[in-house]
Number of protein chains: 2
Amino acid sequence: MGVIRKTKSVETLLAIFENNKDAVSAVQLIDLLKEKMNKTTIYRILERLQNDGIVHSFMDKDGLKWYATCHGCSAKQHIDIHPHFQCQNCGKVDCLSVDIKIPMIPNRQINFSQVLLIGKCESCL
Amino acid sequence: MGVIRKTKSVETLLAIFENNKDAVSAVQLIDLLKEKMNKTTIYRILERLQNDGIVHSFMDKDGLKWYATCHGCSAKQHIDIHPHFQCQNCGKVDCLSVDIKIPMIPNRQINFSQVLLIGKCESCL
DNA sequence: ATTACTTTTGCAACCAAGTTGCATTAAGTA
DNA sequence: TACTTAATGCAACTTGGTTGCAAAAGTAAT
Ligand SMILES: [Mn+2]
Ligand SMILES: [Mn+2]
Ligand SMILES: [Zn+2]
Ligand SMILES: [Zn+2]
């Protein structure tokens, strides 16, 4: 069960994801919105947006949670699966629209994969 | 700077990695060794072993840190880079010796990658 | 507009993983 | 054995994230 009421806080978060094609971490959002809403609210809205297929989440190399807009997903299924890139210089994270081939692994059933590429972004090169 | 003195605690941890080809999480080690040594000691030894190229570490899907034996690495360089597998049923994690092809990404320099495959292990299928 | 109902929020307290500072212990060495 | 310094234990702390509960605010019907 996702978003049911379009509250001010929900609108604020939706606007952030609309205008931003990069990923954004929970920590960044908490800092950015610390005057506008409580961190508990942020975590709870993010969870609802994820359940609705509006955003997806993933962990970065330090175990912090990041969020980004989904494309073509719904409450029924998350189909927008892709690798992510993190710049080890400026910390920026973004979604990559490339396809990484995951080979078959004998004796194991792979349900999904999490790929994080780490290096330097365009502006830090 | 890594391990300088072969203490009892260091030997204990080394023995665990020797007899275990699976990965093991910091949390598991803390629980396993709670009668033998302090959790701070465990974290500090793991860091030293990693600096010596004896073990490598990575994050699982929940942001917990795991460790496993390195093959062919040294204090100079970690060359044993490979994907990891986590069973979503029993939680077991292990190192995969398969090669995943990472494509070139335009305008970015990829230094290394972190690949986690999630599914069911042999005994949970 | 008022009411009634239910979701959403804020707040404070909590939790778990991991880190830090510092006094004490114990390897390594001569 | 004595000396030096790496390693450890312990308590306190930090950080990211969660929970319970009362108060506030959407939504829809009246
Ligand atoms: Mn993404
Ligand atoms: Mn490994
Ligand atoms: Zn950058
Ligand atoms: Zn399993």
Side-chain angles (χ1 to χ4, degrees), chain A residues 1-17 23-52 54-68 75 84 86 91-93 114 116, chain B residues 1-17 23-68 75 84 86 91 93 114 116:
Chain A
M1 186 207 312
V3 172
I4 289 167
R5 296 184 184 180
K6 278 262 170 69
T7 64
K8 209 71 199 271
S9 299
V10 169
E11 306 271 27
T12 304
L13 276 165
L14 282 175
I16 288 171
F17 284 106
V24 56
S25 70
V27 173
Q28 288 175 329
L29 288 171
I30 290 166
D31 183 62
L32 181 69
L33 301 173
K34 61 176 171 293
E35 247 88 70
K36 289 195 178 165
M37 69 189 86
N38 192 272
K39 69 170 177 171
T40 312
T41 305
I42 295 175
Y43 282 115
R44 290 197 271 223
I45 291 175
L46 288 171
E47 191 186 17
R48 276 181 273 147
L49 294 180
Q50 180 159 259
N51 288 341
D52 284 343
I54 294 167
V55 302
H56 59 277
S57 71
F58 55 96
M59 297 279 173
D60 76 358
K61 64 186 170 69
D62 304 311
L64 296 194
K65 216 163 185 184
W66 291 69
Y67 293 84
H84 293 99
Q86 183 163 33
K92 210 178 78 171
V93 174
Q114 243 179 234
L116 182 66
Chain B
M1 186 206 310
V3 171
I4 289 167
R5 297 183 183 177
K6 278 260 171 69
T7 64
K8 209 73 200 272
S9 299
V10 168
E11 306 271 27
T12 304
L13 276 165
L14 282 175
I16 288 172
F17 284 106
V24 56
S25 71
V27 174
Q28 288 175 330
L29 287 170
I30 290 165
D31 183 61
L32 181 68
L33 302 173
K34 61 174 171 294
E35 248 89 67
K36 290 195 177 166
M37 67 189 87
N38 191 272
K39 70 171 176 169
T40 313
T41 305
I42 295 175
Y43 282 115
R44 291 199 271 223
I45 291 176
L46 289 171
E47 192 186 18
R48 277 181 272 147
L49 293 180
Q50 180 160 259
N51 289 340
D52 284 342
I54 295 167
V55 303
H56 58 277
S57 71
F58 55 94
M59 296 280 172
D60 76 357
K61 66 186 168 68
D62 303 311
L64 296 194
K65 216 164 187 184
W66 290 70
Y67 293 84
H84 294 99
Q86 182 163 31
V93 173
Q114 238 178 243
L116 183 65

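Please read these numbers as outputs of a predicted model, since none were measured by experiment.
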Requested in this report: Check the pair A/L46, A/L29 against side chain to side chain contact (heavy atoms under 4.5 Å, CB included), reporting the backbone distance first and the verdict last.
Outcome: CA-CA 10 Å; A/L46 288 171; A/L29 288 171; 3.9 Å; yes
Do any side-chain atoms of residues 2-17 of chain B form donor-acceptor pairs under 3.5 angstrom with protein atoms, and if so which ones, sequence neighbours left out?
| unit_1 | atom_1 | unit_2 | atom_2 | d |
| --- | --- | --- | --- | --- |
| B/T7 | OG1 | B/V10 | N | 3.2 |
| B/T12 | OG1 | B/K8 | O | 2.8 |

**Report entry** Heavy-atom side-chain proximity of A/K61 to B/M59 below 4.5 angstrom
**Finding:** no
Query raised in the report: Is there a residue in residues 44-57 of chain B whose heavy atoms reach under 4.0 Å of DNA chain C, and which residues are they?
Result: B/R44
**Report entry** All side-chain hydrogen bond (donor to acceptor under 3.5 Å, both in side chains) counterparts of B/Q114, not counting sequence neighbours
**Finding:** none
Query raised in the report: Who pairs with B/N38 by side-chain hydrogen bond (donor to acceptor under 3.5 Å, both in side chains), at least two apart in sequence or on another chain?
Result: B/T40
Requested in this report: Specify the residue among B/T41 and A/M59 whose closest nucleotide of DNA chain D lies further upstream toward the 5′ end.
Outcome: B/T41
Query - Contact pattern, 5' to 3', of nucleotides 24-30 of chain C - B, S or - by protein heavy atom under 4.0 Å - result: --BBS--
Requested in this report: Send over the distance from A/I42 CD1 to C/dT9 C1', rounded to a whole Å.
Outcome: 12 Å
Report task. Report yes if a side-chain nitrogen or oxygen of B/Y43 is closer than 4.0 Å to either non-bridging phosphate oxygen (OP1 or OP2) of C/dG18; otherwise report no. Result -> yes
Requested in this report: Would you confirm whether B/H56, through its side chain, and B/A68, through its main-chain N or O, come within 3.5 Å as a donor-acceptor pair?
Outcome: yes
Report task. Could you grab the distance from atom CZ of B/F58 to atom CD of B/Q86, nearest 0.5 Å is fine? Result -> 8.0 Å
Query raised in the report: Donor-acceptor pair, A/Q50 side chain versus A/S57 backbone, under 3.5 Å?
Result: yes
Query raised in the report: Hey, is the main chain of B/L64 close enough, under 3.5 Å, to the side chain of B/D62 for a donor-acceptor pair?
Result: no
Report summary line: Here the gap from B/L33 atom CG to B/I42 atom CD1, rounded to the nearest 0.5 Å, amounts to 4.5 Å
Query raised in the report: Mind checking whether A/Q28 and A/W66 have side chains closer than 4.5 Å, heavy atoms only?
Result: yes
Report summary line: Contacts satisfying salt bridge (Lys or Arg N to Asp or Glu O under 4.0 Å) that involve residues 33-45 of chain A (not counting sequence neighbours) are A/D31-A/K34
**Report entry** Spacing of B/D62 atom CG relative to C/dC15 atom C1', expressed in whole Å
**Finding:** 15 Å
Query raised in the report: A/Y67 versus A/L49: any side-chain heavy-atom pair under 4.5 Å?
Result: no
Query - Difference in axis direction between the ends of the helix from C/dA1-D/dT30 to C/dA30-D/dT1, five pairs, 10° - result: 30°
Query raised in the report: With sequence neighbours excluded, what pairs up with A/E47 under the side-chain contact (heavy atoms from CB on, under 4.5 Å) test?
Result: A/N51
**Report entry** Residues from residues 25-37 of chain B lying under 4.0 Å of DNA chain D - heavy atoms
**Finding:** B/K36, B/M37
Query raised in the report: Hey, where on DNA chain D does chain A first and last touch, going 5' to 3'? Cut-off is any atom under 4.0 Å from a heavy atom.
Result: D/dG16 to D/dT27
